[in-house]
Amino acid sequence: MKKSTPLLVILTPGFPEGEYDSTCLPFLQSLVKAINRQFSSIEVMIFSFQYPYIKSPYLWNGNVVIPFNGRNRGKVARRLLWLRVWRKLISLRTNHNLAGVFSLWCGETALIGHRFANRSGVPHYCWVLGQEAKAGNKYVDKTEPRAEELIAISDFIADEFFKNYLLKPQHVIPNGIDQSLFEKDSFVRTIDVLGAGSLIPLKQYEVFIDCIAIIKKSFPKIYSVISGKGEEHSKLNEQIKAQGLQKNVMTTGELSHKSLLRLMQQAKIFLHPSSYEGFSMVCLEALYAGCHVISFCKPMKQDFEHWHVVKSKEEMIQKATELLRIPNLEYTSVMPYSVEQTASSIMHLFSR
């Protein structure tokens, strides 16, 4: 006999191994919790394809997580993974009242979600989040998604997807801020410039360091922090040493999400030199923490207060210098979108 409670199945490449892990896809963690709060009559189950590296189902904040332990293996192993996911979805269809399937990223999750939903007659939506909108994503051709099942995380991603695949996502739903994660206390802003994210070539943290080196000429005691981990960690530390910035740029490694948000509340400027972004969650969090954000990427057609978009490293340096020279710079909290709005917009699609 089928359960009467509607079930939303979320397909994702990864998910936290436990409730203690705040660094694994924090935006998804906040979204699931928001769906739980606002739509308590709907059960949520998460299928995690690649990570964590465990095989047994577990509970995460009351939600069942089914890990498939894919470990990013390819070819035959990946096909077998898809088969295991497919069989599990079929068993759910037999025993549950499926409200729909929600795939994160237009990759293998969308391929399986799209085909299963078509065969089962349930709604499917795919949230296009970032680099999969670039040219060369083989899963777009394999999946053949419809415009009406695609949700772009930003105006930029909607336009990028159309440019590369001549298919315009019908919906744009940005990610939103979980206000409960931020401390209510006021902080002294002792960090002049903060950067945070994965230390990979795409994020261009060598540009961050170059900017600090130039800004130091006007502010010899400038203090900046780079938080994150990645393949370029050693290279960036070498650059800091080579440019004589050991007293001006500190690297923290990976911090807990809560610790990172606290750093944001102590920073004046959040400098984000990434060359490509869907809709940077750290930029949104920095805005809410009261920082002035400077970035190359403009996610939405509309402008946001305290978010300064520049076109070059020289403009980035100029804008940061201008802001640091303002004696009583405002650090007002700005929230373009809340996670409650994101959850409501997504769930509205499944109720149509």
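Computed from a prediction, not measured in an experiment: that's the story for all the values here.
- When all heavy atoms of Leu284 and Pro336 are compared, the pair lying nearest together is CD2-CG, 3.7 Å.
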Pair Lys319-Glu322, salt bridge (charged side-chain N to carboxylate O under 4.0 Å, His left out): steps then yes or no:
CA-CA 5 Å; Lys319 177 53 68 174; Glu322 286 176 3; 3.3 Å; yes
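- Environment of CD in Glu144: sparse, with no more than 12 heavy atoms of neighbouring residues, nucleotides or ligands closer than 6.0 Å.
- Put simply, the side chain of Tyr205 does not reach to within 4.5 Å of the side chain of Gln239, judged on heavy atoms.
- Note: the hydrophobic cluster containing Leu329 does not contain Ile191 (ILVMFWY, side chain heavy atoms under 4.5 Å, direct or indirect links).
- For the atom pair Gln204 CD and Ser274 OG, the distance stands at 7.0 Å (nearest 0.5 Å).
- Looking at Phe116 and Leu92, their side chains never come closer than 4.5 Å, going by heavy atoms from C-beta outward.
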Could you walk me through whether Val249 and Gln243 pass the side chain to side chain contact (heavy atoms under 4.5 Å, CB included) check?
CA-CA 10 Å; Val249 183; Gln243 294 185 265; over 6 Å; no
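- Side-chain contact check for Asn97 versus Ser4: every heavy-atom pair is 4.5 Å or farther apart.
- Comment: Lys301 engages Asp159 in a salt bridge, judged by a side-chain N to carboxylate O separation of less than 4.0 angstrom.
- With hydrogens and angles disregarded, no donor-acceptor distance shorter than 3.5 Å links the side chain of Glu149 to the backbone of Cys126.
- No side-chain donor-acceptor contact under 3.5 Å links Asn248 to the backbone of Ala213.
- Two residues are said to be in side-chain contact when any heavy atoms from C-beta on lie closer than 4.5 Å; Tyr139 and Glu132 fail this criterion.
- Criterion: ILVMFWY side-chain heavy atoms under 4.5 Å apart, direct or through other members. Under it, Met300 and Val282 are part of a common hydrophobic cluster.
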Give the C-alpha distance, both sets of side-chain angles, the deciding distance and a yes or no for side chain to side chain contact (heavy atoms under 4.5 Å, CB included) between Leu25 and Thr12.
CA-CA 10 Å; Leu25 301 176; Thr12 174; 4.0 Å; yes
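- Gln131 and Asn137 share no donor-acceptor pair across their side chains, judged by distance under 3.5 Å alone.
- Defined by atom type and a distance below 3.5 Å, a donor-acceptor pair is present between the side-chain atoms of Glu285 and His257.
- Shown here for Ala196 and Leu260, the closest heavy-atom pair between the two residues is CB-CD1, 3.6 Å.
- In this structure, Ser275 contributes its side chain and Leu202 its backbone to a donor-acceptor pair below 3.5 Å.
- Listed here is the closest heavy atom pair of Ala267 and Arg189: O-NH1, 2.5 Å.
- By the side-chain hydrogen bond (donor to acceptor under 3.5 Å, both in side chains) test, Ser256 pairs with Ser259, sequence neighbours left out.
- Open room surrounds CZ on Arg119; 12 or fewer heavy atoms of other groups in view lie less than 6.0 Å from it.
- A donor atom on one side chain and an acceptor atom on the other are found under 3.5 Å apart for His272 and Glu277.
- Placement of Ile269 and Val334 in two distinct hydrophobic clusters is found when ILVMFWY residues are connected by side-chain heavy-atom separations under 4.5 Å, directly or transitively.
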With side chain to side chain contact (heavy atoms under 4.5 Å, CB included) as the test, would you mind laying out the steps for Leu31 and Ile346 before giving the verdict?
CA-CA 10 Å; Leu31 176 62; Ile346 289 169; 4.0 Å; yes
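- The distance from atom CE of Met335 to atom CG of Leu287, rounded to the nearest 0.5 Å, is 11.5 Å.
- Once rounded to the nearest 0.5 Å, the distance linking CH2 of Trp105 with CG of Leu11 reads 12.5 Å.
- With 3.5 Å as the limit, one finds a donor-acceptor pair spanning the side chains of Tyr288 and Gln179.
- Counting only distance, with no hydrogens or angles, the side chain of Thr143 and the backbone of Pro145 share no donor-acceptor pair below 3.5 Å.
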Determine, step by step, whether Val32 and Asn61 satisfy the side chain to side chain contact (heavy atoms under 4.5 Å, CB included) criterion, reporting the C-alpha distance in whole Å, the side-chain angles of both residues, the deciding distance to 0.1 Å, and the verdict.
CA-CA 9 Å; Val32 172; Asn61 287 289; over 6 Å; no
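- Side chain to side chain, Asn36 and Asn63 meet the donor-acceptor criterion of an N or O pair below 3.5 Å.
- Cluster annotation: Tyr51 is not connected to Leu129 through the hydrophobic network of ILVMFWY side chains, with a link wherever side-chain heavy atoms come within less than 4.5 Å.
- Annotation: side chain of Ile173 is in contact with side chain of Leu349 (closest heavy-atom distance under 4.5 Å).
- For Lys247, the NZ atom is loosely surrounded, since the number of other residues' heavy atoms within 6.0 Å does not exceed 12.
- Counting only distance, with no hydrogens or angles, the side chain of Thr342 and the backbone of Pro174 share a donor-acceptor pair below 3.5 Å.
- Heavy atoms of other residues, nucleotides or ligands lying less than 6.0 angstrom from CD of Glu330 number 12 at most.
- The environment of NZ in Lys241 is sparse: at most 12 heavy-atom neighbours from other residues, nucleotides or ligands sit within 6.0 Å.
- Judged by distance alone, with hydrogens and angles left aside, the side-chain atoms of Ser344 form no donor-acceptor pair with the main-chain N or O of Glu340 at under 3.5 Å.
- For the atom pair CG of Leu89 and OG of Ser120, the computed distance is 7.5 Å after rounding to the nearest 0.5 Å.
- When side chains are defined from C-beta on, Phe27 does not count as touching Phe279, because their heavy atoms never get closer than 4.5 Å.
- Lys216 and Gly244 make their closest contact through NZ-O, 3.3 Å (heavy atoms, listed as atom of the first residue, atom of the second, distance).
- Here the closest heavy-atom approach between residue Ile153 and residue Gly278 is recorded as CG2-C, 3.8 Å.
- Cluster membership check: Tyr337 shares its hydrophobic cluster with Val309, using side-chain heavy-atom separations under 4.5 Å among Ile, Leu, Val, Met, Phe, Trp and Tyr.
- Expressed to the nearest 0.5 Å, how far NE2 of His124 lies from CD1 of Ile112 amounts to 10.0 Å.
- Counting only residues at least two apart or on different chains, the side-chain hydrogen bond (donor to acceptor under 3.5 Å, both in side chains) pairs with a member in residues 66-78 are Asn69-Arg71, Arg78-Glu108.
- Looking at Lys33 and Asp178, no side-chain N of the basic residue comes within less than 4.0 Å of a carboxylate O on the acidic one, giving no salt bridge.
- No salt bridge links Lys235 with Glu206; every basic N to acidic carboxylate O contact stays at or beyond 4.0 Å.
- Under the 4.5 Å side-chain criterion, counting only non-hydrogen atoms from C-beta, Val193 is in contact with Ile212.
- The pair Asp155-Lys298 fails the salt-bridge criterion, with no side-chain N (NZ, NE, NH1 or NH2) lying under 4.0 Å from an Asp/Glu carboxylate O.
- Listed by chain and number, the residues in a salt bridge (charged side-chain N to carboxylate O under 4.0 Å, His left out) with Arg115 amount to none (sequence neighbours excluded).
- Put simply, the side chain of Phe296 reaches to within 4.5 Å of the side chain of Val310, judged on heavy atoms.
- Closest approach of Thr5 and Ser41 over heavy atoms only: CG2-O, 3.4 Å.
- To the nearest 0.5 Å, atom CZ of residue Phe15 and atom CD of residue Gln29 are 6.0 Å apart.
- Remark: Lys134 is positioned above the aromatic ring of Tyr276, its terminal NZ or CZ atom under 6.0 angstrom from the ring centre and at most 45 degrees off the axis.
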